[in-house]
Amino acid sequence: MSFAATLALARAEGRTLLNEVEAKDLLREAGVSVTNTTLARSAAEAVTQAEAAGYPVVLKVVSADISHKSDAGGVKLNLKDAGDVRAAYDAIVASCTKHVPGARITGVAVQHMAPAGTEVIVGMTTDPQFGPVMMFGLGGIMVEILKDVSFRLVPLTERDAGQMISEIKGKPVLDGVRGQPPSDIAALRRTILQVSQFVEAHPEVRELDLNPIFAYPDGAIAVDARIVISEA
Ligand code: ADP
Ligand code: MG
């Protein structure tokens with residue numbers, strides 16, 4: 001679906017939160033590397049899609065009422081066969097219904113389980129005064145507790161994107177420390193620029209999070225994507 005069609009559909013449904021499948025489809029179209037992710041509306045559909053994606057797979061809740069999926073028990077990793085997928089589907093629906101009573105659950109997102117990498121975050125928030133602002137940081141506690149992040153106003157130059165990466169205190173982690181492999185900095189710089197261009201082209205995007213992106217010695221891939229659009 002095009003950006004315009006996705007926007008129209010979300011607005012018709014009274015949503016400002018695009019689901020993970022919609023967000024990844026738009027970002028893939030914009031050149032960003034994301035895991036192939038499909039929407040399953042039943043356990044049987046999830047099994048068929050898991051077989052197409054290749055085991056092990058990950059299942060995640062798709063609900064306009066749930067934006068932090070793990071908090072609601074809505075993420076199941078490393079599912080190895082059809083039995084795992086069926087059980088995970090039921091467990092996700094049960095847990096999310098319990099955590100968020102009345103949540104509208106559309107189904108689950110099915111995707112291949114990506115190999116572990118160094119976790120980084122690329123995000124965008126809209127500042128009331130300055131407009132879209134890009135954010136970059138290392139994933140997990142580095143962002144949540146240490147607030148080790150860098151910011152730049154959109155639009156970004158290639159130089160800005162490079163500086164965002166080199167500015168963070170945790171940069172040595174990306175260079176490779178203590179036996180950890182180095183991360184593909186050029187791929188991360190490209191991702192930051194592509195996201196900047198995407199939000200510049202689509203002012204209806206109010207918030208965007210790729211959290212996390214797995215960075216590898218060769219390449220990087222977003223395993224989660226979240227997009228919030230403005231109200232109609
Ligand atoms: P949320 O942020 O809404 O809780 P995520 O999609 O980020 O949900 O999933 C939670 C965690 O599960 C991620 O931080 C990541 O570590 C892991 N994860 C998610 N999707 C994948 C995937 N396709 N491959 C490997 N790990 C994944
Ligand atoms: Mg996430």
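Each ligand, and each atom within it, is numbered from 1 in the order the structure gives.
- Proximity to D224 (heavy-atom distance under 4.0 Å) selects the following atoms of ligand 1: 1 (P), 2 (O), 3 (O), 5 (P), 6 (O), 7 (O), 8 (O).
- The minimum distance between the Mg ion (ligand 2) and any N, O or S atom of D224 involves atom OD2.
- K69 and D224 are joined by a salt bridge, as a carboxylate oxygen and a charged side-chain nitrogen come within less than 4.0 angstrom of each other.
- Atom numbering of ligand 1 starts at 1 in the shown order; those under 4.0 Å from a heavy atom of E119 are 16 (O).
- Here is the list of ligand 1 atoms found below 4.0 Å of a heavy atom in S67: 3 (O).
- Residues K60 and E20 are paired through a salt bridge, judged by an N-O separation under 4.0 Å between the basic side chain and the carboxylate.
- When each atom of ligand 1 is checked for a heavy atom of P212 under 4.0 Å away, the hits are 7 (O), 13 (C), 14 (O), 15 (C).
- Considering only non-hydrogen protein atoms, atom 6 (O) of ligand 1 sits nearest to K60 NZ, 2.7 Å.
- A salt bridge links R15 with E22: the closest approach of a Lys/Arg side-chain nitrogen to an acidic carboxylate oxygen falls below 4.0 angstrom.
- The proximity of R226 to ligand 1, defined as any non-hydrogen pair under 4.0 Å, does not occur for either the backbone or the side chain.
- The pair E29-K24 does not count as a salt bridge, with every side-chain nitrogen at least 4.0 angstrom from each carboxylate oxygen.
- By the 4.5 Å heavy-atom criterion applied to side chains, L138 and E119 are not counted as neighbours.
- Taking H202 as the reference, F3, F198 meet the ring pair (Phe, Tyr, Trp, His ring centres under 6.0 Å) condition, with sequence neighbours excluded.
- Without hydrogens or angle criteria, D148 side chain to K169 main chain gives a donor-acceptor distance under 3.5 Å.
- Using a 4.0 Å cut-off between charged nitrogen and carboxylate oxygen, D175 and K171 count as a salt-bridge pair.
- Of all atoms in ligand 1, listed by their number and element, those nearer than 4.0 Å to a heavy atom of Q111 are 23 (N).
- Between the Mg ion (ligand 2) and S70 there is no N/O/S contact shorter than 2.8 Å.
- Ligand 1 has a nitrogen or oxygen under 3.5 angstrom from a nitrogen or oxygen of A114.
- Of the protein's non-hydrogen atoms, the one nearest atom 27 (C) of ligand 1 is L77 CD2, 3.7 Å.
- Within the structure, ligand 1 lacks E20 among the residues with a heavy atom less than 4.0 angstrom away.
- Two residues are said to be in side-chain contact when any heavy atoms from C-beta on lie closer than 4.5 Å; S67 and R226 meet this criterion.
- Under the 3.5 Å distance criterion, with hydrogens and angles disregarded, no donor-acceptor pair is assigned to the side chains of S230 and E204.
- With a 4.0 Å cut-off on non-hydrogen atoms, D71 does not touch ligand 1 at all.
- Distance screen at 4.0 Å: atom 11 (C) of ligand 1 has no protein heavy-atom neighbour inside the cut-off.
- With a heavy-atom cut-off of 4.0 Å, H68 touches ligand 1 through its backbone alone.
- Heavy-atom contacts of N211 reach the following atoms of ligand 1: 7 (O) (cutoff under 4.0 Å).
- With a cut-off of 2.8 Å, the Mg ion (ligand 2) has no N, O or S atom of D209 in range.
- Checking only distances, S70 does come within under 3.5 Å of ligand 1, N or O to N or O.
- For the residue pair T6 and R11, no side-chain donor N or O sits within less than 3.5 Å of a side-chain acceptor on the partner.
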